[in-house]
Amino acid sequence: MLRYVLIAILACSLTGGAQIAPKQAAAEAGSTQATEAVYTFEAEAAANTYSGKAGPVPCDTCSGGAKVGNLYQGSAMQFNAVNVTEAGVYKLSLSYISGDPRSFMVSVNGGERERFSPPATKDWNTVGVFDFEVRLQAGDNTLSFDDDGGYAPDLDKISLTFVTSSEPGTDPGNGEDLELGAPLSTVKYGPIAVTRHAKGMSVTSGSLKLLYNTENGLSAYSWKNRGEEAKIQGAYSSIQLDQYLTSKDYAKHEFKLEEVERFHDRGGKGIKVTVNNRQEGLPTLKQIYYIYEQKDYLLTQVIAEQDTPLATNYIAPLIVDHRGGVDIGQYGDNRVLVAPFDNDAWSRYLSKTINTDLNNQNYESSELTAIFDNDSRRGFVVGSVSHDTWKTGIYWSGSNDRLNKLNVYGGFTSLASTHDSLPHAKVSGTTIVSPKVFVGFFTDYRDGLETYGQANAVEAPPLAFGPGVPQGVPVGWNSWGAVGSKLSYDQVIETSNFFKEKLQGESFNNEGQLYMNLDSYWDNMNDEQLGQLVDYIKANGQKAGIYYGPFVYWGDNLNQTVEGTDGKYTYGDIVLRDAQGNPLPKIDGAYAVDPTHPGTKQRIDYYMNRFKEHGFEYIKLDFLSHGALEGQHFNPQVFTGIQAYNEGMAYIVDALDGSMFISASIAPLFPSQYAHSRRISCDVDGSLGSTEYQLNNLTYGWWQNGTIYRYTDPDYMTLEKGGSLLGAQTRVNAAAISGTVFLNSDDVANQTAREYMEQLLVNPAVNAVAKKGLAFRPMEGNTGTAAADAYILKDGGGYYLAIFNFTNEPVERTISFERAAMDNKGKSGFRVTDLWTGEEWREKTELHVTLQGAESKLLQLVPVAGGGKK
C-alpha cells in the first residue's frame, strides 16, 4: 500500500517546440568543415546578453579562448544580432562542453522554448558538437539558451548552415498514381456515393472523398472545404509476420461494389467498404473503411486472415511514407501533437513543429495525434478508437510544412512512454485485427479532437454512475497533498470538522455533497478506526473516500502471502514476469502484478469488499499503468498488456458494483470505460510551476472531458504551497476550468492554509464554474511542451475566459474576440465580469488585462447591446 515518490521523467521523449527540430548526432572536438557558407557566432561575444549566474569564463579548449558557463538555477544567455541573408531552415551546430548529461531550452526570436539533451562530452575540457535545426528570418535574429531551472551545458559557439527555404507549395510529392480511370457505376447510400472505376473505387460523403487504386494498392483521402483541399495520399497497410507484408505489394487488390455493407451504430448510419488484398501463399489482407453519413471522418482497420494461425506484434492500418504525403493545405504554423501513453512521471504533451526530418528526426505519439496549422486551426486528427488488444503508436516526420511519414500501428511499446521493458506481445489466431483508426479533417482541430473523443465513446461508452453515486462534480478534500504519509485518525477528524464548520455551507459543496478522501497511507489506521472515521464523516454530512493500487506490490518479500487468498498465493506468484520467469523491473518503486491472476483478483475482492462494508463511496485507483505492461499472463487467452488491463479493470468495476465514484489516478489514457474520472496530469504540488504543468495537459487533453470520461481530474488544490495568495488563487482557477474533480488538499493545522481556504474556496461564482464539470478549450495550440495561457468555454449565449501568468513578473495579455471565435450575435460588445472581484465593464473587440506575478483571471463575458469600453 505504500506510495513512493515518483521520479520526474518526461515521457515519450517529449522534447520539442515551435521552430526547432533536433538531430540526434554529436561529435567530439571542433565543428565539421562544410562547403556551404557558414555563419559563426561566439557565445562570449560582446553583443550577447546574459542573466542569472551565466556569463563568459576562460576556456583553453574553446574557440576564442572563452565560453559561457554557469547556466544553472534560472540562468540564460542570448545570442543577439544573429544575422543571415536568407530566411529558411538552418542547421545549427552547437559547440558545447558537458561533462555529465545536461539539457537546455532554446527559443528563436522570442518564440516558444524547446528542450534539447545532447550527449555528455568526454570531460569538462572537451568540446562536443550537437546539431539541430532552426527556422530564421532574413536579417537579425535572437537565439536564447536557458537552463529551465536546472543545469545546462557550457556554450562555446554556434555555427549556422543554410538548408532550405522551405517555402510552401514547392514539394512535388512522389508522383504516385492515384488516377482511377473512367467511372463505371455508382450506388448511393443516402448521402454517400460509392463509385466503381476502371482502376479502383471512390467514396464521396460530404467534404470527404476516399480513393482506392486497385492496380497499385494505394489509397488517398481528401477533404474540400471553402475552396481549399487537405489530403492524405499514397496510403497503404502492413503487417509483420515471418516477412514484412504491405497491402500495396499484393498481386490482387479486389473491390466489389455489391459487397458494400450498410451499418447503424451509436455513431450514426454509414457504410462499410472492404478491399481484399490476395496473393498465393499469403494471408488475405482486408482493408476496411467505415464511412458515416454527415461526418468529417472515417474509420479504417486492416484484418489478416488465413486457415492456419498467424502471430504478430505489429499491424498497421495506415501508412504514408513519401514526401508531402499528408498535406493540410495551410502553411502558417504547422504542428503535430505528441501525446503521452499515460500521466505518469510528469509526462507532458508536445505540440511540435511539423518540419522535423531534414535531419532524419522522427517522433512518436501514443494513441492519437493532431496535424494542424495553428494559425488557421485547420487540421487532421488521427488516432485509435479501439483499445481492447493493442497499444497504438503514431510514428511521423515531416518537412516543408507537410508530413513525409505517418505510420499508425498496433504494437507500440517504449520504456520512456509505455514503461515496457519488453516488446509488445504477439497476438495470434487465424484472424488478426488491427486497431480501428479514426482519420478526420476539421476546420478547427479542436473540434476534431472533441469528435475523436466522441468516436471513442461510441466504441466504449464512459462508465455509468451507479444508483448510489451522485452524478455531479466531486467536491471536497484529499489527504495526499496535505499530509502525505503522515495521515492520521485525528487529522481526518480535524479536517472533516473544519470543512463542515467553515466551507461546506459556503458554496464549497455540490448539491450538499462533499467528499473526504483518504489517500495512500490510510493503513496508518486500523480497521476499527477506519470504520469510525467513515461514521464520523457521514455524521458531518460528508462522503468518505479511499485509495487503492490494484496492480502494484510495493514490497520486496516475494514470499509474502497475498491478502484475501487464505495463504494460497504469495506475491511471487502474482507479480508479472517475462518469458524466462524473471519479475519485471520495478516501476515507480513497485512491482507490477498480473491483473489476470486469480491471486490478484482475490486481493481485489478482499479490499473492495472491505471498503464497501465500511461504507466508502469514492475510490481513487492509482498506478494503474502497471496493469498494462507486457509480460507473461496467467490467462492463456490474454496475449497483450492492454488485454490484461481490460480484464483487470473490468473485474474491479464488477467488484464495486456501482457503489462508488471511481477516480483513476496514474493511468493510461485508454482504455477509458472503467472510471468516472481520470487525472489529467501527474501529481500537482500546488506550486506555480506545477499548475503550469497541469495546464499543459489541459491544453492538449481537454477533449477527454465529457467524451471518454465524465470528468477530467486536475488533481488536488494545495493552496498553501502556491507561493502566495495570487498563486493559490491561480491553482483554484486551473482546477475550476479543468473538468473537474474539485478537491482541496491542505493541512488544516497550518494557519496560512486555513486562511487561503477560507478566502479561496467559498466564492460562489467560481465554484459554480467548477461544478459545471466542463473543461475549457485552449486558445492556442502552438506551445510546445508548455501550457497555453488563455482558455475559453462557451456557455449558452456567453463565454468564460481564463487567463494565466506563469511568471513572477507582471505581464500584459490581450484576447481578440475574433481569434477566440466569440459570437456576440449582432450586438456590439460584451459585458465582462471578474468572477473573483465582481467588477464589471464592457469591451467591444478585444480584452486587455494586466496580470501581476502568478496572477490569473477567471472572467464571464455576456453579449450586450451598446458599444465601447466603459
Side-chain angles (χ1 to χ4, degrees), residues 17-23 26-99 102-118 121 123-163:
Q19 297 168 300
I20 313 163
K23 179 181 181 181
E28 300 274 327
S31 61
T32 58
Q33 298 297 314
T35 57
E36 304 94 335
V38 177
Y39 303 88
T40 299
F41 302 89
E42 295 286 343
E44 72 277 10
N48 299 334
T49 51
Y50 316 97
S51 63
K53 301 175 178 64
V57 294
C59 174
D60 292 340
T61 57
C62 298
S63 66
K67 64 180 179 180
V68 170
N70 300 315
L71 281 141
Y72 67 97
Q73 295 181 352
S75 300
M77 70 85 52
Q78 180 168 292
F79 288 89
N80 296 317
V82 178
N83 189 282
V84 295
T85 58
E86 184 174 358
V89 174
Y90 286 76
K91 181 179 78 171
L92 187 153
S93 296
L94 172 69
S95 297
Y96 71 102
I97 299 177
S98 188
R102 296 184 175 189
S103 61
F104 56 87
M105 306 289 285
V106 180
S107 170
V108 179
N109 292 324
E112 70 181 82
R113 297 155 65 241
E114 180 166 5
R115 183 184 303 276
F116 294 100
S117 300
T121 52
D123 51 41
W124 282 101
N125 294 309
T126 301
V127 178
V129 178
F130 181 70
D131 293 344
F132 53 94
E133 292 176 356
V134 294
R135 187 187 297 274
L136 302 178
Q137 62 194 13
D140 284 344
N141 297 265
T142 62
L143 289 91
S144 176
F145 290 69
D146 74 79
D147 56 37
D148 198 30
Y151 289 81
D154 295 342
L155 308 181
D156 178 13
K157 67 178 180 179
I158 60 172
S159 297
L160 298 166
T161 307
F162 181 75
V163 177

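Numbers for residues simply follow the sequence, beginning at 1. As the structure is a prediction and not an experimental result, all values here were calculated from the model.
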Is there a side chain to side chain donor-acceptor pair (under 3.5 Å) between Asn83 and Asp140 once you walk through the steps? CA-CA 4 Å; Asn83 189 282; Asp140 284 344; 2.9 Å; yes
List the steps, then state whether side-chain contact (heavy atoms from CB on, under 4.5 Å) holds for Trp124 with Asp154. CA-CA 9 Å; Trp124 282 101; Asp154 295 342; 3.8 Å; yes
Check whether any side-chain heavy atom of Tyr90 sits under 4.5 Å from a side-chain heavy atom of Tyr39, and report yes or no. yes
Between Gln78 and Tyr50, is there a side-chain donor-acceptor contact under 3.5 Å, judged purely by atom types and distance? no
Answer yes or no: is there an ion pair linking Asp156 with Lys67, defined by an N-O contact shorter than 4.0 Å? no
Judged by modelled atom types alone, do Thr61 and Asn125 share a side-chain donor-acceptor pair under 3.5 Å? no
CG/Leu155 to CG/Leu143 distance, rounded to the nearest 0.5 angstrom? 11.0 Å
Grab the two heavy atoms, one from Thr121 and one from Gly128, that are nearest each other, plus how far apart they are. CG2-N, 3.6 Å
Which heavy atom of Ile97 sits nearest a heavy atom of Cys59, and at what distance? CD1-SG, 3.8 Å
For the residue pair Lys157 and Phe41, would you count it as a cation-pi contact if the rule is NZ or CZ under 6.0 angstrom from the ring centre and within 45 degrees of the ring axis? no
Is any side-chain heavy atom of Ser63 closer than 4.5 Å to a side-chain heavy atom of Ser95? no
I'd like to know if the side chain of Ser159 pairs up with that of Thr40 as donor and acceptor (distance under 3.5 Å, no hydrogens or angles considered). yes
Treating Asn109 as the side-chain partner and Thr142 as the backbone partner, does any N or O pair qualify as donor plus acceptor under 3.5 Å? yes
Determine the minimum heavy-atom distance between Ala76 and Ala54, stating which atoms define it. O-CB, 3.5 Å
If every non-hydrogen atom of Asn48 is compared with every non-hydrogen atom of Met77, which pair is closest and at what distance? ND2-CE, 4.0 Å
According to the interplanar angle, ranging from 0 to 90°, do the rings of Phe145 and Phe104 count as parallel (below 30°), tilted (30 to 60°) or perpendicular (above 60°)? tilted
Any donor-acceptor pair under 3.5 Å linking the side chain of Asp146 with the backbone of Ser75? no
Drop me the distance from Leu71's CG to Tyr96's OH, to the nearest 0.5 angstrom. 14.5 Å
For Gly139, does its backbone N or O pair with a side-chain atom of Asn141 as donor and acceptor, under 3.5 Å? yes
Under the criterion side-chain contact (heavy atoms from CB on, under 4.5 Å), I'd like the reasoning laid out for Val57 against Val68: C-alpha separation, chi angles, the key distance, then a yes or no. CA-CA 6 Å; Val57 294; Val68 170; over 6 Å; no
Could you walk me through whether Lys91 and Leu160 pass side-chain contact (heavy atoms from CB on, under 4.5 Å), step by step? CA-CA 6 Å; Lys91 181 179 78 171; Leu160 298 166; over 6 Å; no
Distance-minimising heavy-atom pair for Glu42 and Gly64: OE2-N, 4.5 Å
Point-to-point distance, once rounded to the nearest 0.5 Å, from OG of Ser51 to CG of Asp147: 8.5 Å
Verdict with supporting geometry, Phe79 and Ile158, side-chain contact (heavy atoms from CB on, under 4.5 Å): CA-CA 9 Å; Phe79 288 89; Ile158 60 172; 3.8 Å; yes
Taking all non-hydrogen atoms of both residues, which atom of Arg102 and which atom of Tyr151 are closest, and how far apart? CB-O, 3.4 Å
